[in-house]
Amino acid sequence: MRIATWNVNSIRSRIDRVEAWLQRSDVDVLAMQETKAKDEQFPYDRFRALGYEVAHHGMNQWNGVAILSRVGLEEVEVGFSGDPGWGEPLAAEARSIGATCAGIRMWSLYVPNGRAIGDPHMAYKISWLTELKEQARGWGAAGRQVALCGDWNIAPFDEDVWSMEYYLDKSHVSPGERAAFHAFLDAGFVDVVRPHAPGPGVYTYWDYQRLAFPKKRGMRIDFVLGSPAFAARVAGAVIDREERKGVGASDHAPVVVELED
DNA sequence: ATGGTAGCCGAGCTA
């Protein structure tokens, strides 16, 4: 079985590429972020025609997350947790769906953007992560297979950015954000991609501006964090940077994880 | 410090 996470940066402008990518990559479950579509704008029909059902889609005032799975797939239960909006508490769905699970539980996460050090959004981001971690700790307990997939908007280590000089004093690398990320590792979650995509110089996101992709100026901010039981099943992982190439690419690459049956 | 690009919508705002 194969699962994936991808910040698509607008599902309506990306639908042709997402469709083509799904067909050639043959994933069973896809978590998407930054769908930027109201529910009535979401291309449900396109995914259904490909054999996927959209388990969840939701958005706040300017963002959105979704998760879709192959029709008939019973092993994976899907949930989502997005940034529910400035000033709002963590989405209630995250609590209720995550509480009673069996089999693989897979989550599509969009961690709020902190914008800048000292910005009120940064404090919000860190408290959002702290609350999520407390819930995830419960989900991952008792040998459950849990995968927290998505755009974390954090580069946890210096080698996860193309230049620490450039990012010094900027968002995504600050000690508070990194501590919030590392707290998930301390809680027993594992970065299941890293062993299969070792760095430095391995990224998942490249800015559209200043020719960042051809200049190899990226960040590793998209992660699949697995509970120990999930991590034990991981057979491989790929960051599909080919998908970042060409006209009409998202600024993020898909991240794919292969599981043993 | 600014501006560079892409996407939302049709002016700024968000990333």
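Throughout, a chain's letter reflects where its sequence line sits, starting with A, and its residues are numbered from 1. Please read all numbers here as calculations on a predicted model, not as lab measurements.
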(message) Strictly below 4.0 Å, N to O, side chains only: are A/Asp191 and A/Arg220 in salt-bridge contact?
(response) yes
(message) Please report the distance, rounded to the nearest Å, between CH2 in A/Trp206 and C1' in B/dT5.
(response) 17 Å
(request) Describe the nucleic acid contact of A/Gln41 in one word from base, sugar-phosphate, nothing, applying a heavy-atom distance below 4.0 Å. (result) sugar-phosphate
(request) Measure from CG on A/Asn63 to C1' on B/dA6 and round the result to the nearest Å. (result) 14 Å
(request) Look at the side chain of A/Arg115 and decide which nucleotide, out of B/dT5, B/dT14, B/dG7, has an atom nearest to it. (result) B/dT14
(request) Look at the side chain of A/Glu34 and decide which nucleotide, out of B/dC9, B/dG4, B/dA15, has an atom nearest to it. (result) B/dA15
(request) Could you work out which one of B/dT5, B/dG7, B/dC9 sits closest to the side chain of A/Arg12? (result) B/dC9
(request) Report the residue from A/Arg24, A/Arg14, A/Arg46 that forms a salt bridge (Lys or Arg N to Asp or Glu O under 4.0 Å) with A/Glu19. (result) A/Arg46
(request) Could you label the plane-to-plane angle of the A/Tyr205 and A/His252 rings as parallel, tilted or perpendicular, counting under 30° as parallel and over 60° as perpendicular? (result) tilted
(request) Could you please name the option among B/dA15, B/dG7, B/dG4 that lies closest to any side-chain atom of A/Ser10? (result) B/dG7
(request) Calculate the interatomic distance between A/Asp169 atom CG and B/dA1 atom P; express it in whole Å. (result) 11 Å
(request) From the options B/dA6, B/dG4, B/dA15, select the nucleotide whose nearest atom is closest to the side chain of A/Asn113. (result) B/dA15
(message) I need the OH-P distance between A/Tyr208 and B/dC13, as an integer number of Å.
(response) 21 Å
(message) Please report the distance, rounded to the nearest Å, between CZ in A/Arg244 and P in B/dT5.
(response) 13 Å
(message) Heavy atoms from C-beta onward define the side chain here; which of B/dG7, B/dG3, B/dT14 lies closest to that of A/Ser13?
(response) B/dG7
(request) Take the protein atom CZ of A/Arg210 and the nucleotide atom P of B/dT5, then report the distance between them rounded to whole Å. (result) 10 Å
(message) Less than 4.0 angstrom from a charged side-chain N to a carboxylate O is my criterion; do A/Arg137 and A/Asp186 meet it?
(response) no
(message) Counting the benzene-type ring for Trp, do A/His182 and A/Phe157 have ring centres under 6.0 Å apart?
(response) yes
(message) Side chain of A/Gln209, heavy atoms from C-beta onward: which of B/dA15, B/dC9, B/dG7 has the nearest atom to it?
(response) B/dA15
